[in-house]
Amino acid sequence: MTNKEIASALRQTGDLIELTGGNPYRANAFGRAARTIRGLEDAVTDLVQDDELTSVNGIGDGLSEQIQDLLQRGSFDLRDELLSAVPTGLLDVLKVKGLGTKKVRTLWQELGITSLDELDEAARADQVRSLSGFGKKTQENIIENVALLRAYSNRRRFADAIRAAREVHTVLTDGDAFDRVVFTGELRRKVETVQALDMVVATSDGADHVIQFLQEADDTAPFDPDTISVTTEVEDADALVETPLTSGLSLRLFVCTPDAFGTTLWRTTGSKDHVATYIREHGDPGMHATEAAIFEGAGVDVVPPELREDDGEWEAATDGHLPNLISVDDLQGTVHNHSTYSDGSHSLRQMAEKARSMGLSYFGICDHSQSLQVASGMKPDEVERQQDEIRSLNEEYAENTESPFRIFSGIESDILRDGSLDYDDEILASFDFIVASIHSGFNMTVNEATERIITAVENPYTSILGHPTGRLLLVREGYEIDHDRVIDACASNNVAIELNANPYRLDIDWRYIKRAIEKGVLISINPDAHAMIELENVRWGVEVARKGWLTAEHCLNAKSLDEFEAWLTARRPA
DNA sequence: CCTGGGTCCAGGAGTTGCTAATAAGCAAC
């Protein structure tokens, strides 16, 4: 069990205590322990092994025992009791933005609401606004945010979908029952959230063979062998075999014969418009064993799957101008990362060493700035202390002339309400570079958000605009911005735009990357790592960067150490 | 439920501002 999983079980227990009207101090102890464990450097399992769990601040004998139960049997008595006392659906209600434990308890006690459906119904029936502590606005927000949650529940983030898809793929390819089993659809196009796991199954034995295989799969398979449906009237394949996965997603298998594999893969991969545009220009491609044959038949270059969105790829393929898309190997540094100086789990040295072990030649540290108290943002004296440590680490690294490596002193500066950065100029000037991001006051109009960001971009100390919309995929919508105006401002101020590679963010949205490139704005693929392992999140950023037509040439952290340093020097305020 | 000072119990609570209510709850990482 990971620290994260332990933390969420504890947090949930704290929530349940509050929902049932238990001792608030007790609830708080669980919440505090959850926060502490989430930010812990050591694995809780190791601490238990060494009998050192109670030495963690905020974990005493009681919590220590419950955590050990949690590790041994997946839960503990108090949690079980609370879970049986609270309707399951109430935990979904708690996910509605704007509702916390207090409000959810009121809804439960006063209106008997125990599920999202009941909440939605009550809000629409105008029953919520009259409750004490609620009002018209809260009732409207509930309706809106329940709808969002429902929409989210049908999709999965790309990273989660890939993990689930690999699991299924392993089952389907076990025993070589089929000629080919290949990802297709949104999965293959690398869309940031997917609705179904689509795969093409090539076999000469027909859909029945596929169904039989699913039915005979053993109990550990991630789908229900009893719930399989088959459609034969599909445009893009011989048959479509569908089954719900235990993860809640739907598995869709497009079945075809091996000699039609290329056509089926092509038809199911591209967006509707991508496929339609081809057919309009070149006619129906007919049956092909390989995808390449379809492109060859039209005399155009093979379009990478992630570009098949009907957004100029056909013109580029016809003219031989398809981009040479970026890959993980092109990245030479990483610039937006956290450490224990703010809310990261690992020390500056550990984080830098991890970057170095990944073959990178520079590491930018960007802990949170002073205003962001929830993430223990750095006060000026901590900034000074960190910069001293950076200097001494860099002296160490400088001794190794064979594989140059350098740490750059950055800050993830909050963009305050008025668009200003979070320190006075003297401190801002002490950094090698600054990532400017919004972390508070999300409730803005498009114009307010855009102005706020442009003010920050125009600040001479800003080098990179961090996660431009603040979205968390399938958790919350970001604030809306006018991307064109923001991109223009970045272009005229030589500010790069972050592609935050955290699988929850993937922000800037890939749909705007092409426009940024056209304006000459560099994209920085940043893991925003809060722990060593999260440095590897850049891969998700690279996936969607490719989708946005990004090449190494237009990527800030694909620059070599010397080039990156030159870029920073050139744009430093005089 | 935890910590800390003294062995059982008193006192505690990441912080701050915003929202949407008219005092308190929620959100930000």
Side-chain angles (χ1 to χ4, degrees), chain A residues 4 7 10-11 13-19 22-39 53-67 76-79 82 94-107 128-142 145 336-345 366-379 412-418 422 435 437-444 448 466-467 470-472 475-479 500 502 504-505 528-531 534:
Chain A
K4 225 176 186 173
L10 295 180
R11 205 191 97 100
T13 306
D15 286 345
L16 289 165
I17 294 169
E18 288 182 350
L19 282 175
N23 179 351
Y25 296 115
R26 193 187 194 194
N28 195 56
F30 278 91
R32 240 167 56 105
R35 278 194 304 273
T36 308
I37 286 175
R38 201 176 286 274
L53 194 50
T54 49
S55 67
V56 176
N57 204 343
I59 298 179
D61 293 336
L63 271 170
S64 171
E65 291 232 344
Q66 315 203 70
I67 290 168
F76 46 90
D77 292 347
L78 174 65
R79 180 165 176 270
L82 289 164
L94 197 54
K95 288 183 196 144
V96 177
K97 205 172 160 224
L99 298 183
T101 49
K102 303 285 167 57
K103 281 198 156 70
V104 172
R105 181 168 160 79
T106 304
L107 290 163
V128 169
R129 60 183 291 184
S130 53
L131 293 172
S132 141
F134 292 74
K136 183 162 173 277
K137 188 72 190 165
T138 305
Q139 180 168 284
E140 286 167 3
N141 286 341
I142 284 174
N145 289 318
H336 174 185
N337 304 289
H338 297 262
S339 73
T340 46
Y341 277 95
S342 65
D343 61 347
S345 305
C366 276
D367 274 303
H368 289 290
S369 62
Q370 55 184 351
S371 283
L372 203 64
Q373 314 239 11
V374 287
S376 45
M378 293 197 290
K379 295 272 177 277
E412 182 176 18
S413 171
D414 256 48
I415 299 175
L416 304 178
R417 280 218 148 232
D418 62 358
D422 203 11
V435 174
S437 322
I438 290 181
H439 292 109
S440 60
F442 279 34
N443 217 325
M444 301 170 277
E448 283 166 352
H467 46 67
R471 74 179 183 186
L472 292 179
V475 177
R476 70 165 183 231
E477 305 293 294
Y479 39 85
N500 192 298
N502 185 304
Y504 277 73
R505 293 192 183 269
D528 195 0
H530 286 69
E534 290 180 9

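Chain identifiers are assigned alphabetically (A, B, ...) following the order of the sequence lines, protein sequences preceding nucleic acid strands; residue numbering begins at 1 within each chain. Just so it is clear, the structure is predicted and the values come from calculations on it, not from any experiment.
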- Task: Taking side chain to side chain donor-acceptor pair (under 3.5 Å) as the test, write out the residues that go with N337(A), two or more places apart.
- Result: T334(A)

- According to a strict under-4.0 Å criterion, is R105(A) in side-chain N/O contact with OP1 or OP2 of dA24(B)? no

- Query: What residues, two or more places apart in sequence or in another chain, satisfy side chain to side chain contact (heavy atoms under 4.5 Å, CB included) together with R11(A)?
  - Reply: D15(A), A34(A)

- Item | dT7(B) to dT3(B) separation - C1' atoms, rounded to the nearest Å | 14 Å

- Task: When you get a sec, tell me which of dA28(B), dC26(B), dT16(B) is the closest nucleotide to the side chain of T101(A)?
- Result: dC26(B)

- Could you give the CD1-to-C1' distance, from I67(A) to dC2(B), as a whole number of Å? 12 Å

- Note on the structure: Those residues at least two apart in sequence (or on a different chain) that pass side chain to side chain contact (heavy atoms under 4.5 Å, CB included) with R32(A) are N28(A), R35(A)

- How far, in whole Å, is dC18(B) from dA23(B) if one measures between their C1' atoms? 15 Å

- Task: Could you measure between the two P atoms, the one in dG12(B) and the one in dG5(B), and give it in whole Å?
- Result: 14 Å

- Using side chain to side chain donor-acceptor pair (under 3.5 Å) as the criterion, list what pairs up with D422(A), not counting sequence neighbours. S369(A), S371(A)

- Item | dA21(B) and dC26(B), which share atom name P, separated by this distance in whole Å | 12 Å

- Query: Just how far, in rounded Å, is P of dC18(B) from CE of M444(A)?
  - Reply: 12 Å

- Of dC1(B), dG25(B), dC29(B), the nucleotide closest to the side chain of K103(A) is dG25(B)

- Task: Please list, chain by chain and in numerical order, all residues satisfying salt bridge (charged side-chain N to carboxylate O under 4.0 Å, His left out) with K95(A), sequence neighbours excluded.
- Result: D92(A)

- Query: Roughly how many Å is it from CG in L99(A) to C1' in dA27(B), rounded to a whole number?
  - Reply: 13 Å

- K97(A) has a side chain; which of dA27(B), dC29(B), dC1(B) sits nearest to it? dA27(B)

- Task: Figure out the CG/P separation between L416(A) and dT16(B), and round it to whole Å.
- Result: 15 Å

- Item | Length of the line joining Y504(A):OH and dC29(B):P, which is rounded to integer Å | 13 Å

- Which one, dG25(B), dC29(B), dC1(B), comes nearest to the side chain of F442(A)? dC29(B)

- Item | Between dC29(B) (C1') and D367(A) (CG): distance, integer Å | 12 Å

- Query: Does a sphere of radius 6.0 Å around NZ in K379(A) hold more than 12 heavy atoms from other residues, nucleotides or ligands, not counting ones at 6.0 Å or beyond?
  - Reply: yes

- Task: Scan H530(A) against the nucleic acid and name what it touches under 4.0 Å (heavy atoms): base, sugar-phosphate only, or nothing.
- Result: sugar-phosphate

- Note on the structure: Counting primed atoms, P, OP1 and OP2 as sugar-phosphate and everything else as base, the B/S/- map of nucleotides 5-11 of chain B against protein heavy atoms under 4.0 Å is -------

- Between L372(A) (CG) and dA27(B) (C1'), how many Å, whole number? 11 Å

- Gap separating the CG atom of L78(A) from the OG1 atom of T13(A), nearest 0.5 angstrom: 6.0 Å

- Backbone N/O of R129(A) and side chain of Q139(A): donor-acceptor pair under 3.5 Å: yes

- Query: Looking only at atom C1', what distance separates dT16(B) and dC29(B), rounded to whole Å?
  - Reply: 14 Å

- Which part of the nucleic acid, if any, lies within contact of R129(A), taking any heavy atom under 4.0 Å across all strands shown: a base, the sugar-phosphate backbone alone, or nothing? nothing

- Report yes or no: does R476(A) contribute a side-chain atom to a donor-acceptor pair with the main-chain N or O of G470(A) at less than 3.5 Å? yes

Shorter than 3.5 Å, N or O on both sides, protein versus nucleotides 19-21 of chain B: list them out with atom names.
| from | atom 1 | to | atom 2 | distance (Å) |
| --- | --- | --- | --- | --- |
| dA20(B) | OP1 | N141(A) | ND2 | 3.1 |
| dA20(B) | O3' | T138(A) | OG1 | 3.3 |
| dA21(B) | OP1 | G135(A) | N | 2.5 |
| dA21(B) | OP1 | G135(A) | O | 3.4 |
| dA21(B) | OP1 | T138(A) | N | 3.3 |
| dA21(B) | OP1 | T138(A) | OG1 | 2.5 |

- State which residues pass side chain to side chain contact (heavy atoms under 4.5 Å, CB included) with N23(A); sequence neighbours excluded, sorted by chain then number. Y25(A), R26(A)

- Query: Out of dC29(B), dC1(B), dG25(B), which nucleotide sits closest to the side chain of R476(A)?
  - Reply: dC29(B)

- Task: Determine which pairs satisfy side-chain hydrogen bond (donor to acceptor under 3.5 Å, both in side chains) with at least one residue from residues 56-65 of chain A, sequence neighbours left out, and list them in order.
- Result: S64(A)-Q68(A)

- Note on the structure: H439(A) has its side chain closest, among dT3(B), dC29(B), dC1(B), to dC29(B)

- Item | Distance, C1' atom - from dC8(B) to dT15(B), rounded to whole angstrom | 32 Å

- Query: In what stems does DNA chain B take part, counting only runs of at least 3 consecutive Watson-Crick or G-U pairs whose two distances fall under 3.5 Å?
  - Reply: B:1-4 with B:9-12, B:15-19 with B:24-28

- Which part of the nucleic acid, if any, lies within contact of V56(A), taking any heavy atom under 4.0 Å across all strands shown: a base, the sugar-phosphate backbone alone, or nothing? sugar-phosphate

- Item | For R417(A), all residues meeting side chain to side chain contact (heavy atoms under 4.5 Å, CB included), sequence neighbours excluded | none

- Consider the side chain of Q373(A), meaning its heavy atoms from C-beta on, and name the nucleotide among dC29(B), dG25(B), dT16(B) that approaches it most closely. dT16(B)

- Rounded to whole angstrom, note down the C1' distance from dG11(B) over to dG17(B). 27 Å

What side-chain donor-acceptor pairs closer than 3.5 Å can you find for residues 437-444 of chain A, not counting sequence neighbours?
| from | atom 1 | to | atom 2 | distance (Å) |
| --- | --- | --- | --- | --- |
| S437(A) | OG | E412(A) | OE2 | 2.8 |
| H439(A) | ND1 | D414(A) | OD1 | 2.8 |
| H439(A) | NE2 | E412(A) | OE2 | 3.2 |
| H439(A) | NE2 | H467(A) | NE2 | 3.4 |

